[in-house]
S.K.: 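Sharing a structure with you now.
Nothing here was measured: the structure is a model prediction, and the numbers come from that model.
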Amino acid sequence: MGKRARVQGKTKGAGRRGRRSAQHAADATLDVGALPAIEALEDIPAFSDFQVNDAQLDAFERVRASSETPDELKLGCVVRLDRGFPLVVTAEALFRAEHAVGFAKQNKEKGDGMLPAVGDRVAVRLAPGHDMGVIERVLPRRTVFERWRGKNRGERQVLCANVDTVLIVQALGAGEVLLGRVARSLVLARDCGAAPAVVLTKADRCTPDELARERGRVRRLVGADIPIIVTSSALATGLDGVRAQVPAGTCAMILGESGAGKSTLLNALLGHDALATGAVRERDDAGRHTTVARVMVALPGDAGVIADAPGLRSLPLVGHERGLALSFPEVVRASHGCRFSDCTHTHEPGCAVREAVDAGEIDQVRLDAFLALADEMRVSAQSLDPDIHL
């Protein structure tokens with residue numbers, strides 16, 4: 001199948017097994033017609049573009065073993081979400097799917113009730129003669145990139161599952177790069193277990209001196225080990241550096257605000273205009289939400305898959321202490337030597353962190369970012385539960 005998945009052929013429609021939920025099927029009948037035609041979609045990954053680990057294979061076999069019709073179950077991957085409708089690719093076909101009615105009855109505490117997100121490996125039922133599948137189970141996620149939303153600690157929005165790399169996109173040429181946004185994205189990437197990389201777009205809008213200054217500021221923030229790739233889609237520069245972050249068999253997620261140039265960058269990587277792009281407002285360089293679906297695209301050549309998502313204006317940090325520690329390990333290590341266990345690393349005597357800054361062992365830029373994010377998480381946690389003390 002190469003880089004394109006074969007579309008499931010048209011049929012007479014889903015029967016009793018294909019629908020499973022009368023109400024959901026009625027909704028699907030009303031809405032699916034308004035979705036993009038599968039035949040018109042480009043750059044959809046093939047199932048061979050994805051890796052499936054042992055835990056996912058074992059879980060799939062358990063689902064098959066408990067099924068009354070195991071031959072109808074296929075191992076698939078969700079490659080697109082349009083208005084909540086998953087597009088699933090298997091080794092044999094590409095088709096839209098709905099959720100089994102049993103999802104509502106599964107134990108969410110054990111992870112059984114996870115609704116499918118882009119990148120999820122799934123057990124999907126495709127009955128003979130039907131063109132719509134039914135997702136029976138989301139298989140264990142190797143990694144999951146999610147952001148907090150709502151008023152409760154447990155309310156999280158999954159943006160991409162089984163992601164290997166997070167490409168943190170920031171635009172150049174519109175004032176200083178927002179280091180706070182980069183630091184926040186770095187923490188989220190580390191928290192989910194993905195490798196972060198920073199992509200600075202629109203380099204053609206900078207002078208050489210401006211570019212050197214902004215790249216230096218970002219380097220001070222992220223440290224020596226995080227890749228920084230400078231790109232210009234207009235000049236087609238830096239694209240090979242981005243591709244190098246997404247080797248074959250891996251999945252990257254692109255993360256950035258509207259107007260950062262995400263879709264333009266992806267179009268340049270693909271070699272044609274596959275994703276919608278929009279102009280940005282001159283007064284604040286902000287863009288509109290030109291990406292309305294969550295999609296995965298297969299990069300040409302010997303490269304992997306990139307997941308795109310609508311631009312996110314906010315990335316709240318709630319319960320991401322692990323990601324904070326992984327992003328700023330030198331601060332955490334030094335803090336163990338502080339005289340006071342509740343040291344804020346700002347003014348207390350015997351602060352080992354401040355001593356490390358004075359000795360040149362910790363960059364002040366990184367400490368400032370750490371303290372700002374730690375304070376935000378402390379406030380967020382206490383607003384959710386006053387008994388939480390960080």
Side-chain angles (χ1 to χ4, degrees), residues 145-149 156-157 159-160 163 165-192 194-203 205-206 210-211 213-223 225-231 238 242 245 252-266 278 280-281 283-291 307-321 323-328 331 363-380:
F145 189 98
E146 56 187 2
R147 68 164 179 166
W148 174 83
R149 67 176 182 180
R156 295 179 181 270
Q157 177 188 23
L159 301 181
C160 187
V163 60
T165 303
V166 174
L167 302 175
I168 303 168
V169 176
Q170 281 282 304
L172 295 164
E176 292 186 339
V177 170
L178 302 176
L179 295 186
R181 177 81 181 199
V182 176
R184 184 181 304 274
S185 301
L186 184 66
V187 169
L188 288 165
R190 291 293 198 193
D191 195 73
C192 84
V198 178
V199 181
L200 301 177
T201 61
K202 307 182 183 182
R205 305 195 308 180
C206 284
E210 290 171 339
L211 175 57
R213 182 174 62 252
E214 290 307 304
R215 184 169 186 168
R217 292 178 65 242
V218 174
R219 176 57 70 199
R220 287 187 64 185
L221 171 70
V222 302
D225 298 331
I226 304 299
I228 300 175
I229 305 100
V230 176
T231 71
V242 178
Q245 302 301 317
M253 175 188 162
I254 194 163
L255 181 66
E257 297 171 288
S258 293
K262 304 188 310 299
S263 295
T264 302
L265 173 64
L266 279 175
V280 297
R281 298 192 298 264
R283 67 178 185 272
D284 57 7
D285 211 54
R288 298 180 181 143
H289 289 290
T290 51
T291 303
D308 191 18
L312 302 172
R313 291 190 178 92
S314 64
L315 290 171
L317 295 181
V318 180
H320 293 92
E321 289 82 10
L324 185 68
L326 291 173
S327 299
F328 302 93
V331 178
D363 194 305
Q364 183 68 50
V365 170
R366 285 177 57 78
L367 177 59
D368 290 344
F370 174 90
L371 293 177
L373 296 177
D375 185 63
E376 177 185 331
M377 282 192 278
R378 183 181 302 111
V379 171
S380 297

S.K.: I'd like to know if the side chain of R366 reaches the main chain of S327, judged simply by a donor and an acceptor atom lying under 3.5 Å from each other, with no hydrogens or angles considered.
M.R.: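 Checked: pair present.
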S.K.: Find out whether T231 and V242 are in side-chain contact, i.e. whether some heavy atom of one side chain is under 4.5 Å from a heavy atom of the other.
M.R.: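 With C-beta onward as the side chain, the pair touches.
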S.K.: Any side-chain to backbone donor/acceptor pair from R205 onto L172? Under 3.5 Å, distance only.
M.R.: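 Pair found, side chain donor or acceptor close to backbone of L172.
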S.K.: Less than 4.5 Å apart, side chain to side chain, heavy atoms only: is that true for F328 and L367?
M.R.: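 They are not in side-chain contact.
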S.K.: Can you measure from CG (L221) to CZ (R217) and round to the nearest 0.5 angstrom?
M.R.: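 Nearest 0.5 Å value for the CG-CZ distance: 9.0 Å.
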S.K.: Mind listing the closest non-hydrogen atom pair of R181 and Q170 along with its distance?
M.R.: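 Smallest interatomic distance, heavy atoms only, reads CG-NE2, 3.4 Å.
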S.K.: Taking the side chain from R219 and the backbone from G223, do they hold a donor-acceptor pair closer than 3.5 Å?
M.R.: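 Here the side-chain-to-backbone pair exists.
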S.K.: Distance check, rounded to the nearest 0.5 Å: M253 atom CE versus I168 atom CD1?
M.R.: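 CD1 of I168 is found 10.0 Å from CE of M253.
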S.K.: Side chains of L178 and E257: closer than 4.5 Å at any heavy-atom pair?
M.R.: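 Answer yes - side chains close enough.
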S.K.: Roughly how far, to the nearest 0.5 Å, is CZ of R215 from CD of E210?
M.R.: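 If I round to the nearest 0.5 Å, the distance is 15.5 Å.
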S.K.: Going from CG on L186 to CG on L179, what distance comes out if it is rounded to the nearest 0.5 angstrom?
M.R.: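 It comes to 11.5 Å.
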S.K.: To the nearest 0.5 Å, tell me how far D368 CG sits from D363 CG.
M.R.: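 One finds 9.0 Å between CG of D368 and CG of D363.
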S.K.: Who are the salt bridge (charged side-chain N to carboxylate O under 4.0 Å, His left out) partners of D191, not counting sequence neighbours?
M.R.: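 Expected list: none.
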S.K.: Check whether any side-chain heavy atom of R190 sits under 4.5 Å from a side-chain heavy atom of P196, and report yes or no.
M.R.: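 In contact.
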S.K.: Contact between L188 and V166 at the side-chain level, heavy atoms closer than 4.5 Å - yes or no?
M.R.: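 No, too far: nothing below the 4.5 Å cut-off.
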S.K.: Give me the atom names and distance for the closest heavy-atom approach of K202 to A171.
M.R.: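 Here K202 and A171 meet closest at CD-CB, 3.9 Å.
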S.K.: In the structure I gave you, are the side-chain heavy atoms of Q245 and P227 within less than 4.5 Å of one another anywhere?
M.R.: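 Touching, per the 4.5 Å side-chain cut-off.
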S.K.: Quick one: pull up CD in E176 and CZ in R213 and give me the separation to the nearest 0.5 Å.
M.R.: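 Answer for the CD-CZ pair, E176 versus R213, is 7.0 Å.
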